[in-house]
Each structure stands twice: as structure tokens, then as C-alpha cells.
Protein chains: 2
Amino acid sequence: MAKIDDVARLAGVSKGTVSNVFSQKRPASKTVTERVLKASRELNYVPNHIARSLVTKKTMAIGLTIPHGNFFFSAFHNQFINGVVLEASRFGYRVLLDMLPAQEVKTPSLASYPIDGAIVLGPTEEDERINLLHQNGIPFVTVGKIFNSQVESAPTVNNDNARILHDICDYLIGKGHANIMFLNANERMTVSIERKTAFFEALAKHRIALREHMLHYKPSVHSEDYLNYGYEETRRVIGEMGERVTAIIADDDRTAFSAMNAIKDIGLRIPEDISLFVICGDLSMMHRTAPPLTGMDLQPSELGVQSVRLLMHKLGACEGDYQDNMVISSTIVEGDSCSTI
Amino acid sequence: MAKIDDVARLAGVSKGTVSNVFSQKRPASKTVTERVLKASRELNYVPNHIARSLVTKKTMAIGLTIPHGNFFFSAFHNQFINGVVLEASRFGYRVLLDMLPAQEVKTPSLASYPIDGAIVLGPTEEDERINLLHQNGIPFVTVGKIFNSQVESAPTVNNDNARILHDICDYLIGKGHANIMFLNANERMTVSIERKTAFFEALAKHRIALREHMLHYKPSVHSEDYLNYGYEETRRVIGEMGERVTAIIADDDRTAFSAMNAIKDIGLRIPEDISLFVICGDLSMMHRTAPPLTGMDLQPSELGVQSVRLLMHKLGACEGDYQDNMVISSTIVEGDSCSTI
DNA sequence: CTGAAAGCGCTTACAG
DNA sequence: CTGAAAGCGCTTACAG
């Protein structure tokens with residue numbers, strides 16, 4: 001690979017001038033610019049991104065830090081990433097998919113991240129990724145509330161999870177449901193905590209007592225049960241224990257599908273016997289299932305776009321006003337999976 | 001941020017020794033190691049990844065180059081990326097989502113990529129990304145065949161697209177279909193060309209003449225029609241032109257859904273009136289639609305895993321034998337969307 | 001508008 | 001097992 005010295009020599013100018021022609025940080029005469037460009041073309045020269053980063057302290061990449069391990073992108077993440085990549089590219093930034101430990105200890109050999117900022121997906125309680133980012137002085141935005149003792153607050157883009165659970169419960173209870181089973185996300189995720197609290201509140205508001213086995217948490221991604229989360233729980237609670245359940249709230253579409261399988265295996269029907277509500281689903285898919293699923297439109301793509309924009313503000317790459325805590329609105333999209341009792 | 005000199009000074013050793021404690025490239029005495037680690041902890045020191053990369057010429061990141069513009073990840077890409085990220089992390093590599101122009105001209109300010117290698121998704125004819133990678137001497141693997149005049153061949157992971165189209169046509173023709181409309185991927189993609197050729201061959205094999213309007217290509221992502229590809233074509237050909245069509249092969253699930261909408265709007269049913277076959281779909285979703293879709297299992301996650309592994313071989317990060325052209329097998333998964341005439 | 005020189009924060013032969 | 005010094009390929013004040 002040709003380097004800047006080669007071009008400078010061939011064009012008969014100094015390295016600084018070559019640098020300048022590419023970065024355009026100070027004016028250059030037309031003749032010199034052309035000589036440099038010509039020499040670069042001949043030598044197939046392209047500036048070395050790493051060397052540039054070392055001095056400018058900018059990598060022009062943002063990290064999307066996802067929990068380490070057998071993490072699986074869902075349809076929700078898919079749309080989220082679409083939003084992130086598109087918006088980041090508008091600012092000239094690339095996106096680094098970064099698997100950082102959420103709970104594990106950092107290894108001493110872990111080098112500082114070659115990123116200018118980060119978006120933390122699905123924060124957990126005492127999220128180690130957030131401590132790491134904080135310690136390393138890397139600006140970051142979280143998608144979801146944080147509960148870290150070392151880091152008090154951070155710019156956050158989030159849905160109004162409490163409101164969402166209230167809306168869902170009001171919706172179901174309004175249809176006459178009092179026996180609602182909630183298949184929540186992983187217990188360590190802050191979103192689960194926000195949801196759980198609101199779930200309790202909503203039930204209490206309607207004077208419904210929460211019975212045992214009506215709240216479950218998605219197992220760790222390392223667990224064997226991860227991919228089938230919802231199946232066992234539904235079978236056991238409804239089928240074996242004979243617990244009275246008329247509605248199920250499922251964290252995401254995968255969970256909803258698992259629950260659907262269980263319901264079918266038990267010999268019950270949706271929505272005649274059991275109503276099903278999905279929180280994080282892909283709208284285009286939800287309309288296609290049998291029956292079409294009723295669920296929440298969380299606007300995952302918009303979450304992605306706004307989290308990038310917030311981060312860009314933090315990096316000084318985006319002008320204008322902004323606020324540190326953005327809430328993305330969400331609405332119920334009705335299918336045919338919830339019926340009135 | 002503390003740097004290596006600070007640690008060296010505090011620990012009373014040379015920079016080289018500090019470097020060595022972190023890289024472990026040569027043995028270090030226990031006492032020195034401990035002194036360095038202690039000093040690092042006190043100063044909150046982490047090696048600078050960029051500076052390290054500049055001298056080692058390794059970034060420990062691979063690029064996933066996706067076409068520039070309004071690109072949308074589909075369920076297929078989603079699973080593909082899952083495979084890529086998981087396998088890359090096994091080798092200590094991160095994944096950079098890179099939007100490079102597929103057809104556009106490179107800007108002179110484009111710096112060399114801070115990646116050690118790249119995976120090129122959905123290559124097109126004369127793919128500019130491939131020329132760029134080639135010119136910059138960056139090892140790459142393509143997912144799909146390449147047709148570039150400047151680059152003769154490249155390590156490739158692919159499905160057997162010709163075989164797939166033959167299988168699909170045999171399957172449909174075996175069910176009595178002779179009027180098959182094919183909603184192919186974008187015309188510039190090499191996969192489309194492979195499929196088209198095989199589609200023609202398969203029809204010819206069964207002495208079926210290809211009629212006009214029976215082959216369509218997905219518009220560019222920049223087109224307004226991108227998201228609804230399949231709807232207009234189906235409505236026009238079957239509804240308005242009254243062309244006899246008994247089966248449709250759809251590129252991916254989004255296309256299949258659009259076709260389903262059109263079929264419904266025309267007043268026809270699946271599979272009674274029209275059979276529908278989807279090539280790139282998400283299996284867990286395909287089982288859930290109404291009716292369940294019949295389609296191909298392309299093993300997108302396995303495509304991702306194998307493309308990373310092939311690239312790792314190219315980078316010398318993976319030992320053992322390997323071949324430059326890997327074919328991932330695919331099988332027909334039956335739903336209820338194709339019927340016998 | 002252009003050049004010479006220092007420096008970004010590491011790693012790596014080369015000695016010892 | 002450890003150190004001193006050169007060098008990775010750029011950018012950036014500082015002069016002119």
C-alpha cells in the first residue's frame with residue numbers, strides 16, 4: 001500500500017500538503033491539488049484510517065454494544081439496527097457491533113474501544129458495559145433506563161414501558177380479563193423491572209390480585225430454554241397446574257410463537273380460549289400470523305434513529321437543541337388475538 | 001486517559017515491559033507483572049486500540065459491507081448477521097457494519113477501511129465494493145457469486161442457486177403448475193442472474209415456454225416501490241392483464257407478503273387459486289403465517305458462520321483445511337401454500 | 001498557500 | 001527476563 005510519503009515525493013510536495021488535499025482542512029491551490037490527486041491515483045493511494053485516527057482521536061465509528069454470548073437478534077433488533085445504520089451513515093459514521101460482557105469481569109487484555117461513542121442495547125441492572133464505557137470516558141447513549149450505582153444517569157432513548165404495561169393491562173382488563181399471565185423479558189434487564197412494577201400497579205388499580213406463576217422471566221441466552229421461552233411456562237401453568245389464565249402478554253414474537261405452540265398442544269384456541277398480546281413484534285409479520293397478533297408498535301426503527309441522533313449531539317456532530325431523555329411513543333395495533341370475555 | 005508511559009513510570013519499568021504484560025508476547029516475571037497490573041489499575045489504564053493497530057496492522061475487526069443507501073435488513077439478513085457476529089466473536093473479532101457504494105463512484109476522501117477483512121453481502125455485477133476491496137488489498141469473502149471484470153475470483157460462500165430454482169420448479173411443476181410467475185431479487189445481484197438462468201432451464205426442461213410478465217425484478221432500494229415489491233406486479237399481471245398464473249415464486253418474505261395482499265385484493269385464495277413459494281424466509285415466521293408458507297431453508301445463520309470461518313482462514317486466524325468455495329445446502333420446507341392442480 | 005518537524009500511543013527488533 | 005530506541009502513517013501547530 002502506498003503511503004503519504006510516496007505520494008508527496010511523486011507529487012513533489014510535502015506530506016502536510018498531501019494530508020491537506022485529502023482532509024481539505026485548509027485551502028490548497030488548484031495546481032497542487034491536481035498534482036496530488038494524480039499522484040494518488042497512480043499509486044492507488046488511500047489515507048490510512050488508523051494512522052489518522054491516532055492523531056485526530058476520532059474513529060468515525062460508533063459501537064452498538066450487545067450483551068456477550070449467545071445473543072440473538074430478533075425482528076425488533078433488526079428494525080432497530082436498520083434505523084441505527086441508516087442514521088449513522090447520514091453523519092458519516094460506521095457501526096461496530098460490539099459484544100461486551102454484561103455481567104462478566106473485564107479481562108486485562110481488553111483494549112480501549114476503537115469507537116467514538118456507543119449505544120447500549122438492553123441495559124441490565126448494574127450493567128458492566130456501562131461501567132466500562134464510563135470508566136473509559138466514552139460517550140454513550142442507552143436504549144432503556146439504567147440502574148447503575150457507579151453511573152447515576154446517562155442520555156437515554158426509551159419507550160414509556162410503565163405506560164405500555166398500563167395500556168396493555170387496561171386493554172385486556174377492559175375486555176374482561178382478570179387472569180393475565182405475563183411472559184416478561186430477562187429479569188436483569190431494566191425494562192423488565194419497569195414493566196413488572198407497572199404490571200403490578202395496573203392489576204392493583206383494578207383490584208386484581210397477582211397470583212403466583214403469573215409472572216415469568218426470559219431465561220439467560222446461555223440457557224437451553226432460551227429459544228423456547230414461553231412454551232414450558234404456558235404448558236405447565238395452564239396445562240398441568242390447571243391455573244386459570246385467559247390472557248397472555250408475551251415479551252416478543254418468538255415468545256408469543258412459543259406460547260402459541262403450547263396453547264395448541266394443550267388443545268386450546270386463540271383467541272376463543274386464550275388471548276395473546278405481544279409487546280415487541282415485527283408489525284409486518286404480526287399481521288400475517290394465524291390469527292393476526294394484537295400487539296404494541298414500539299417503533300424500533302425510530303428508537304434506532306433517535307439514539308444515534310442523541311449520540312451525535314453528545315459527540316458534537318449534530319447541532320441544535322436536544323434533550324437527554326427521549327421517549328418514543330407506542331400504540332396498540334389490533335389483530336385478532338385478543339377477544340372479549 | 002492514562003497512557004503506557006504513565007503506567008511505566010508508576011510501575012518503574014519500561015514501556016516495552018508494560019506492553020508485554022498486556023500482550024503477553026514474551027514472558028514476564030511475576031513481580032513485574034503484578035507491579036504493572038497494579039499501576040494500570042490505579043491509573044485506570046487500558047491499551048489504546050488504535051495505536052496498537054497502527055503498528056500491528058491488525059484491527060481485529062471484519063467488515064460486513066452492505067450496499068449503500070436505504071438498505072433494509074430482512075429476516076434473512078438478521079439470521080445471517082447472528083451467525084456472523086457469533087462466529088467472529090469466537091475468533092476475537094468485532095464486526096463493522098459498513099455501507100459502501102455498490103455502483104457509485106468512490107470519493108477521494110474515503111479512507112482505507114479500519115478492518116482486517118470483509119464479507120460482501122449480495123454482490124452485484126461489476127460490484128464496486130469488490131473492486132475497492134481488491135484495490136486496497138483487503139482480504140474478502142463474498143456471499144454469492146461475483147461477476148467482476150477486474151476481479152476474477154474470490155473465496156465465496158453461497159447457496160446452490162441454480163439447484164434451488166430447479167428444485168422449486170420441479171416441485172411446482174410436479175404439482176401440475178405450468179404458469180409460474182417469478183418475483184426475483186434485484187436484477188443487478190448475481191444471485192438473480194443465477195436464479196433466472198436456472199428458472200429458464202427448468203421451464204425448458206419441462207417444455208414450458210416462458211411468457212412475458214412472468215419474470216420480475218425487485219426495484220432498487222432507492223425506489224418508492226421497494227417495500228411493496230410484489231404487490232403491483234401481482235395485481236397487474238393477474239388482476240388487470242388476466243394473465244393465467246397458478247403459482248408465484250417470491251424472493252423473500254416481504255415480497256411474499258406483498259403478493260399475498262395483492263392476491264387477496266384480487267379476490268383469489270392461497271393455495272386454492274394460487275400457490276406461493278418463498279425463497280428467503282424466516283422459518284419460524286413462515287410456519288406462523290396464514291396459510292403457513294412453503295419455502296426454502298437457506299440456512300442463513302450457517303452462511304454467516306461459514307463466511308466468517310472462510311475469512312478467518314484467509315486472515316490466517318483459523319487453522320486446518322478449507323476450500324475457497326463453500327456451498328451451503330438448502331431444503332424445501334413444506335407449509336400449506338402450494339397445492340396440486 | 002506550503003513546508004519542516006514534532007507527536008499521536010503503541011510494538012518490536014536489537015542488545016544485554 | 002528487561003530496556004532504549006526506532007518506527008507505524010498520519011495530522012497539526014508553527015513559521016514563512
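Note on naming: letters A, B, ... go to the chains in the order of the sequence lines (proteins, then strands), and numbering restarts at 1 for each one.
When the side-chain nitrogen and oxygen atoms of Lys57(B) are compared with OP1 and OP2 of dG9(D), one or more of them lie within a distance under 4.0 Å. Using a 4.0 Å cut-off, some side-chain N or O of Ser19(B) falls inside it from OP1 or OP2 of dT11(C). The phosphate of dT11(C) (OP1 or OP2) has no side-chain N or O of Thr56(B) nearer than 4.0 angstrom. Put simply, Ser29(B) has a side-chain N or O that comes within less than 4.0 Å of OP1 or OP2 on dT2(D). At least one side-chain nitrogen or oxygen of Lys25(A) sits closer than 4.0 Å to the OP1 or OP2 atom of dT12(D). Contact between the side-chain N/O atoms of Thr17(A) and the OP1/OP2 oxygens of dG3(C) is found at a separation under 4.0 Å.
The nearest whole Å value for the distance from the CG atom in Leu43(A) to the P atom in dG9(D) is 14 Å. Whole-Å rounding puts the Asp5(B) CG to dC10(C) P distance at 7 Å. If you take CG of Asn48(B) and P of dC8(D), they are 18 Å apart, rounded to a whole angstrom. When the C1' atom of dC8(C) is taken as reference, atom CD1 of Ile50(B) falls 11 Å away, rounded to whole Å. Rounded to an integer number of Å, the gap from Met60(A) CE to dT11(D) P is 13 Å. With rounding to whole Å, Gln24(B) atom CD is found 15 Å from dT11(C) atom C1'. One atom, CD1 of Ile4(A), and another, C1' of dA5(C), lie 14 Å apart when rounded to the nearest Å. Spacing between atom CZ of Phe22(A) and atom P of dG9(D) amounts to 16 Å, rounded to whole angstrom units.
Out of dT2(C), dC10(C), dC10(D), the shortest distance to the side chain of Val55(B) is found at dC10(C). Proximity note for Arg52(B) (side chain, C-beta onward) versus dT11(C), dC8(C), dG9(C): the nearest is dT11(C).
Summarising the geometry, atom NZ belonging to Lys15(A) is positioned 14.5 Å from atom CG belonging to Asn20(A); distances are rounded to the nearest 0.5 Å.
Both Asn20(B) and Lys15(A) lie close to DNA chain D; mapped to their nearest nucleotides by heavy-atom distance, the more 5′-ward contact belongs to Asn20(B). Heavy-atom nearest nucleotides on DNA chain D were determined for Leu54(B) and for Arg35(B), and the one closer to the 5' end corresponds to Arg35(B).
Secondary structure note: stems in DNA chain C built from 3 or more consecutive Watson-Crick or G-U wobble pairs under 3.5 Å occupy C:1-3 with D:14-16, C:5-12 with D:5-12, C:14-16 with D:1-3.
Panel note: side chain Asp127(B), backbone Arg129(B); a donor-acceptor pair is recorded below 3.5 Å. Checking side-chain atoms of Asp116(A) against main-chain N and O of Met60(A) turns up a donor-acceptor pair under 3.5 Å. At least one donor-acceptor pair closer than 3.5 Å links the side chain of Ser53(B) to the backbone N or O of Lys58(B). Asn148(B) contributes no side-chain N or O that, together with a main-chain N or O of Gln150(B), makes up a donor-acceptor pair within less than 3.5 Å. A distance-only check finds a donor-acceptor pair linking the side chain of Thr190(A) to the backbone of Lys145(A) [under 3.5 Å].
At a threshold of 4.5 Å between non-hydrogen side-chain atoms, the residues Phe80(A) and Val143(A) count as touching.
Asn159(B) and Val327(B) get closest at one heavy-atom pair: C-CG1, 4.3 Å.
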